[in-house]
Amino acid sequence: MSSNLRIRRVVLYKHGVGYFERRGKVSGNDTLHLDFKARDMNDVLKSLTVLDLSGGSVSAVSYDSTKPLEQLLAEATIRIPEDGSLTALLGQIKGARVRVRVGGAQVEGSIIGLDSLAVATGETALMRPFLSLLVGASLRTFDILDVSELEFLDEAVRKDLEFYLATVLSSYKKDSKRMAILTSGQGERELFVSYVVESPVWKTSYRILLDEGEPPLLQGWALVDNTGDEDWVDVKLSLIAGLPVSFVHDLYNPRYMKRPVVEVKTEAAAAPVIPEESFGSAADMLRDAELAAPMMSAMPAPAPAAAPRRSRAERGGQVPVGGPGSGGPKLREVMEKSAPVTTLTREVGDLFEYGVDRPVTVHRNQSALVPILHKPFEGKRVLLYNRSTREKNPMACIELKNTTGLTLEGGPVTVTEDERYVGEAMLDTMKPNDRRFVPYAVELGCVVSIEDLTEDGPVFRVVVNAGMLVAEYFHVRRTTYLSRNKAQRAQELYVEHPRQGWELAKDAPEPAETTEGFWRFKRELAAGAQESFTVTERTRGQRQYLISSMGLDQVTYFVSQRFVDEKMAGLLKEVVAQREQVDALAKDEQRLQEERNQLFRDQERIRSNIESLKSGASQRELADRFVAKLNEQEDRLEAIAREMEALVKQRQEAQKALNRRIQALSYTADL
């Protein structure tokens, strides 16, 4: 990171991003550098703001490519190995113009190459590198060890070398990408830079101090994490509660569009043109050539957008720098007299901001507790019983009303009572004046037992309509809570009874509160006493009777239960009698059908016997007898057909009359 652009302000959000502001001094056309993690580049490119606050300008912002190191180095024209870097470099740039200083003289020329030559040293010879230069029209050779300075005169070679070295330097931090801010202006100026990057979610934790005869105290702390590569030194810290929209969009990686391929259209060679003969006069041609002047219309400029309105800031409470003491005899006094820090709070739309007015320092890869709240609140100790939470005992709770004037973010709560640790709880997010029960311990000094009874209540309404008799009644459920307070102090108990779609009966006690899933009933328990109360619920039920299937015994039962009056009972008895007539006709029809089926079976037997008879006088006599029997049966079958036709018609008419009578019945009685 550039030392000229220190972090001055940090704003942390609850949805995983952080807003950072930097300020620093620049002079002339300085270039400032910022290093970011590769995974943060998309957020930085999406949110980066750079302003020259002193009249200068920002000419450009450049940043490292997304290509891997190996590919970047492969694109460079120069290669420098780990060993023999100077000789390897000079051997790659043959023809480059250089200026070398040998002794006290300077020589300019073009590099021919490097040669290793043997140089005698006493009785031995050592191989030494020699640089060959073309100086003017002559070739000169210099011992590399005698060259004290070498300057590249070709700008292209110099830029290639700078690119190679910068690329290698950036590879030392494999996850780091460098951004360069190019400025333009006169003299010393102030530069402002801001951006948003992914950051750990800030967290909250609370301390509640209960003392007999004193209002309870609420102390809040924010936990912030600096996971970056730079220290936050004396930064202005703000913490935002809420969930603004945020997303990741790939701006860092190059994006290419698929373009259509267009080919040149090939045409045949042009033939000579032969003008056609004119048929009109010159005056006709002139009239046809007259043109109308085009009409132009200007679009109105859009109205400027209205500036967003900002809500009024609200002052917050004072909070101590340190946590509570070690539990001495004056813990409350120590907390109240500890050095305060002011938290400036304000609502910004649906967001809520905690702004610490003192500079905050958090070193890299460290976390910190920052005090944001220290205020008394309206609340008291109560008991809350929920059968699904714990069947035998209620929970000790703090009935907390948020009278701090601040929005309280959700987080863990540690509770002390009379300077002793008594339990822990979780606090939901609370707006000002919200009220919550904060359970922190099981109250073993109070025991609750439950008795359940479910039954069907009496019928309260009877409706006869559309061929049905419907008797409406209530399913009744009675839940009796027996509470025994074994403690030597009076206690206030809230019983949560689940709401499961049933309604409270008229004789049920009135609930003190109603939530989405429970009724809360408030009970006062004296010391060492026990108390019981019953919650009665009901829901509608019904029994349905098909009138067309009723008998006289059912009608008698309805009369005895006062479901119907005497008039309706008489109508129902008429229906029963008429249905019995229909049933009798159906039975006669069935009897005739059975008789016809029996005749069919007898005829099959007789025909079989006739076919089996042989010739002879006795056989003919028996055959005549069978034929006579068949004729008699045929006469009966014809009579049965006539009778059945009449019965079917009579039964259908009786059934229609019965249906009309049943559908016409209408009756309602409230019992």
Side-chain angles (χ1 to χ4, degrees), residues 210 379-401 415 417 422-423 425-426 428 434-462 470-544 561-563 670-671:
L210 302 176
K380 59 183 177 180
R381 183 184 185 277
V382 297
L383 303 182
L384 181 66
Y385 177 78
N386 188 304
R387 187 178 192 176
S388 61
T389 301
R390 188 176 176 89
E391 188 173 4
K392 297 298 183 183
N393 306 99
M395 299 293 293
C397 300
I398 298 171
E399 185 182 6
L400 189 155
K401 183 177 181 181
V415 182
E417 185 175 1
V422 293
M426 284 297 296
D428 287 336
D434 280 357
R435 181 172 167 271
R436 295 282 195 281
F437 286 93
V438 184
Y440 61 87
V442 177
E443 179 54 75
L444 299 177
C446 182
V447 179
V448 180
S449 60
I450 301 177
E451 295 180 359
D452 293 314
L453 176 63
T454 302
E455 60 184 1
D456 291 341
V459 174
F460 63 88
R461 179 179 296 161
V462 174
V470 179
E472 299 181 11
Y473 63 97
F474 283 112
H475 295 293
V476 180
R477 182 169 59 197
R478 293 183 174 87
T479 305
T480 301
Y481 295 91
L482 177 62
S483 308
R484 185 159 61 96
N485 182 18
K486 298 187 293 183
Q488 298 304 311
R489 62 176 176 180
Q491 305 206 69
E492 191 174 295
L493 173 66
Y494 285 87
V495 175
E496 287 189 336
H497 185 82
R499 298 173 59 194
Q500 299 175 340
W502 295 43
E503 63 180 14
L504 289 176
K506 296 180 180 179
D507 59 345
E510 187 71 19
E513 296 178 0
T514 301
T515 69
E516 184 177 355
F518 297 95
W519 287 298
R520 284 198 184 121
F521 299 93
K522 182 179 178 181
R523 316 302 296 178
E524 299 291 344
L525 302 180
Q530 68 178 20
E531 188 259 4
S532 67
F533 73 101
T534 301
V535 179
T536 304
E537 303 168 89
R538 65 182 189 181
T539 187
R540 293 177 181 268
Q542 58 178 222
R543 304 185 189 98
Q544 297 181 345
Q561 297 296 319
R562 298 183 179 180
F563 289 179
D670 292 325
L671 307 182

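Source: prediction; values computed, not measured.
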Quick check for you: to the nearest 0.5 Å, what is the distance between [X] atom [atom1] and [Y] atom [atom2]?
| X | Y | atom1 | atom2 | answer |
| --- | --- | --- | --- | --- |
| Asp452 | Arg478 | CG | CZ | 12.5 Å |
| Asp428 | Leu400 | CG | CG | 11.5 Å |
| Arg477 | Thr454 | CZ | OG1 | 6.0 Å |
| Glu399 | Leu384 | CD | CG | 10.0 Å |
| Ile450 | Ser483 | CD1 | OG | 9.0 Å |
| Glu503 | Thr536 | CD | OG1 | 12.0 Å |

Of the non-hydrogen atoms in [X] and [Y], which two are nearest, and what is the gap between them?
| X | Y | answer |
| --- | --- | --- |
| Ala425 | Pro439 | CB-O, 3.0 Å |
| Ala471 | Phe563 | CB-CE1, 4.4 Å |
| Pro511 | Leu504 | CD-CD1, 3.9 Å |
| Arg540 | Phe460 | NH1-CZ, 3.2 Å |
| Ala487 | Asn485 | N-OD1, 3.1 Å |
| Tyr473 | Asp456 | CE1-CG, 3.6 Å |

Candidate list Phe437, Tyr481, Tyr385, test ring pair (Phe, Tyr, Trp, His ring centres under 6.0 Å), partner Tyr494, passing option:
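Of Phe437, Tyr481, Tyr385, ring pair (Phe, Tyr, Trp, His ring centres under 6.0 Å) with Tyr494 is met by Phe437 alone.
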
Quick one: are Arg461 and Asp670 in side-chain contact, heavy atoms under 4.5 Å?
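Result yes, sub-4.5 Å side-chain heavy-atom pair found.
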
Going through the checks in order, is the side-chain contact (heavy atoms from CB on, under 4.5 Å) test met by Gln544 and Val470?
CA-CA 5 Å; Gln544 297 181 345; Val470 179; 4.1 Å; yes

May I have the step-by-step check of side-chain contact (heavy atoms from CB on, under 4.5 Å) for Leu482 and Glu451, ending in yes or no?
CA-CA 8 Å; Leu482 177 62; Glu451 295 180 359; over 6 Å; no

Between Arg381 and Gln491, is any side-chain donor less than 3.5 angstrom from a side-chain acceptor?
yes

Just by distance, do the side chain of Arg499 and the backbone of Thr515 share a donor-acceptor pair under 3.5 Å?
yes

Mind checking side-chain hydrogen bond (donor to acceptor under 3.5 Å, both in side chains) for Thr534 and listing every partner two or more places apart, or none if nothing turns up?
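Partners of Thr534 by the side-chain hydrogen bond (donor to acceptor under 3.5 Å, both in side chains) criterion, ordered by chain and then number, come out as Thr480.
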
Going by the rule salt bridge (Lys or Arg N to Asp or Glu O under 4.0 Å), which residues pair with Arg390 if we only count those two or more places apart in sequence or in a different chain?
none

Which side-chain N or O atoms in residues 517-525 pair as donor and acceptor under 3.5 Å with protein atoms at least two apart or in another chain?
residue, atom, partner, partner atom, Å
Arg520, NE, Glu496, OE2, 2.8
Arg520, NH1, Glu513, OE1, 2.7
Arg520, NH2, Glu496, OE2, 2.9
Arg523, NE, Glu531, OE2, 2.8
Arg523, NH2, Glu531, OE2, 2.3

side-chain contact (heavy atoms from CB on, under 4.5 Å) between Gln500 and Glu537: does it pass, once the steps are laid out?
CA-CA 10 Å; Gln500 299 175 340; Glu537 303 168 89; 5.7 Å; no

